[in-house]
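Input: a single structure, listed below in structure tokens.
Just the heavy atoms: all of them, side chains too, but no hydrogens, waters or symmetry mates, feed the values below. So that the names make sense, note that chain A is the first sequence line, chain B the second, and so on, each numbered from 1.
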Amino acid sequence: MDRKSPVVEARNLVKRYGDFLAVDNIDFSVDQGECFGFLGPNGAGKTSTLRMIGCVSPLSGGELLVGGMSVTGDVRAIKAMLGVVPQTENLDPDLTVWQNLMVYARYFDTPRKLALERAEEALEFMQLQDRKGSPIGILSDGMKRRLLIARALINQPRVVILDEPTTGLDPQARHLVWQKLDNLRSQGTSLLLSTHYMEEATRLCDRVVIIFRGKIIARGRPGDLVARYAGEEVLELRLGPGEKPGLAAKIKDLGVASVEVGDTLYLFGGGGEALRGRLGVDAARAVLRPSTLEDVFLLLTGRGLEE
Amino acid sequence: MSFPRVSRRSFRVWQRNRDVFLSLWKAELVPYAIEPLIILSALGFGLGFFIEIDELGGGSYLDFLTPGIIAAYTMFSATFECTYGSYVRMELQRTYEAIIATPVNIEDVITGEILWAATRSLMTAIAIGLVGMALGVVPSPLALLVLPMAFLMGIMFGSIAMLFTSLAPSISTFNYFFTLVVTPLYFFGGVFFPLKGLPDTLARVASFVPMSPAVNIVRALYGGQLHPGLVWDLLYILAIALTFFTLSLVSMRRRLIK
């Protein structure tokens, strides 16, 4: 298989639930071996998109190819090459860690001997070897997430779909998951992940799309997106009461791009210290920091990511 | 709408349930033997004191009751499995969601669940048969055919339960199912007394509840007295089983694949 050929391709993809339009006519294509991120707030359409790719949610419109096959065709062949890490943990609580892997391998018709090898490998890879016999109930959240990833690897998938893989994890557990996902990608596995953590997307993704209200509103490499939309630095101003109207006029005169969220004003396009001085805002209430993907999102949607 | 696509992969789901059962067998096995022992000895000996049966060749009430209890408990085993058991796996444990991410589809999952329910019905029938024998109920050799029948009844009762589960908004809804479906089937399906003892209208209605043909067949096989009417009973069971099995597949897809 050509490394650069698309492993997932969507054209005019639509998902409707009754009257609600969850995914509104989106296009994207994911190359073999890349990590591709779907960014957006809760309810933006990320999970709906991933579920369609996973062949567990029928399309309302458009076309979707996975591994060159249409998801309206031979679904079993597509699912055989996918690994899925769901947003809500769904390990089998009636089984032990080891049984979870072995029983899951059976769903793929993996021969027992091969399944034994792969289960060992997956446990070792996710650093869970000493948990083999544990029931699921006693595992920490971080271990459960790692086991979910191990389980998703049991069929040696070409594509791993991860729906918010680190939501709810503490920083240590999160970094371990990131490191493992990095390793996976460097072995040539394609990763499709959804997240509302911009830091996660920046760390892991080769390319991202930002989804908002079912539409893709920006796409590209994380660094390029930041440079294109938010520039190098952002000036954050904590506004005092009554300060807003005066500042708004000055900002308009200067022609600086800005977004207001709560009592904080974000100013883009550089200018830094000098800009603060010209606006006459006290240094104690201003922060100058490097721009991030979060700022791109702010600028494009006029709102924060996490409500 | 095309007919639901079931494949041999439903066996994978059956295996999953078997593995869970085997790792919990100590907790599962005891009630299997104790409950029928209580029922058969209390009702068979206790209630049987008042009852004389002329028509069945003068056998005891326990002889009459045992095949009825076997039919009834194929219902209870399959029903518990496909109501509370399936609902918990579907909604609380999200086991179905995990499985359908693999090449196993939702129809395979539901089929595997129902086949497992039928397996439990079979195990229950064996347990009650053994308890009955220990209490002195000696069946005819034809009673070996009760085994495949118990499995078939498990499919029928499991499918009926699964259809209800596919429509259940919450786990407490099962109270309705047990009160309005399971209990009438248990008491008006001819398990404890012949239907002809009932008032005419009630007897006619009762002959159509799916427990009645099941009880007829098990009782006939137990006593070794076959008659042509059993063919209708068997066809009736097959028709109900196939209808509810198909409906449960369609309804479950509708519930879970959105």
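Taking CZ of B/Arg89 as the start and CG of A/Asn90 as the end, the distance is 14.5 Å to the nearest 0.5 Å. To the nearest 0.5 angstrom, A/Met102 atom CE is 11.0 Å from B/Gln15 atom CD. Once rounded to the nearest 0.5 Å, the distance linking OG of B/Ser7 with CZ of A/Arg76 reads 3.5 Å. Taking CG of A/Asp92 as the reference point, atom CG of B/Asp19 lies at 10.0 Å (rounded to 0.5 Å).
Only the side chain of A/Tyr17 comes within less than 4.5 Å of a heavy atom of chain B; its backbone N, CA, C and O stay farther away. With a 4.5 Å cut-off on non-hydrogen atoms, A/Leu148 does not touch chain B at all. Contacts between A/Leu95 and chain B at a heavy-atom distance below 4.5 Å involve the side chain alone, from C-beta outward. Of the atoms belonging to B/Arg9, it is side-chain heavy atoms, and not backbone ones, that fall under 4.5 Å from chain A. Using a 4.5 Å cut-off between heavy atoms, B/Arg253 does not touch chain A at all. Both the backbone and the side chain of A/Val56 come within less than 4.5 Å of a heavy atom of chain B.
A/Arg106 places no side-chain N or O within 3.5 Å of a backbone atom of B/Arg12 that could act as its donor or acceptor partner. Without hydrogens or angle criteria, B/Thr102 side chain to A/Phe108 main chain gives no donor-acceptor distance under 3.5 Å. Judged by distance alone, the side chain of A/Tyr104 and the main-chain N or O of B/Ala98 form a donor-acceptor pair under 3.5 Å. Listed for the A/Lys79 side chain is a donor-acceptor partner under 3.5 Å among the backbone atoms of B/Ile100.
At least one side-chain heavy atom of B/Arg94 sits less than 4.5 Å from a side-chain heavy atom of A/Thr88. Side-chain contact between A/Ser57 and B/Lys258 is absent, with no heavy atoms from C-beta onward closer than 4.5 Å. The closest side-chain heavy-atom distance from A/Ile136 to B/Gln93 is not below 4.5 Å.
Other residues, nucleotides and ligands contribute at most 12 non-hydrogen atoms within 6.0 Å of the CD atom of A/Glu124.
For chain B, the option among A/Ile161, A/Leu82, A/Asp94 with the highest count of heavy-atom pairs below 4.5 Å is A/Asp94. With chain A as partner, the option from B/Thr95, B/Ile106, B/Ile257, B/Leu256 having the largest number of non-hydrogen pairs under 4.5 angstrom is B/Ile257.
Between A/Asp109 and B/Arg8 there is a salt bridge, since a side-chain N of the basic residue sits under 4.0 Å from a carboxylate O of the acidic one.
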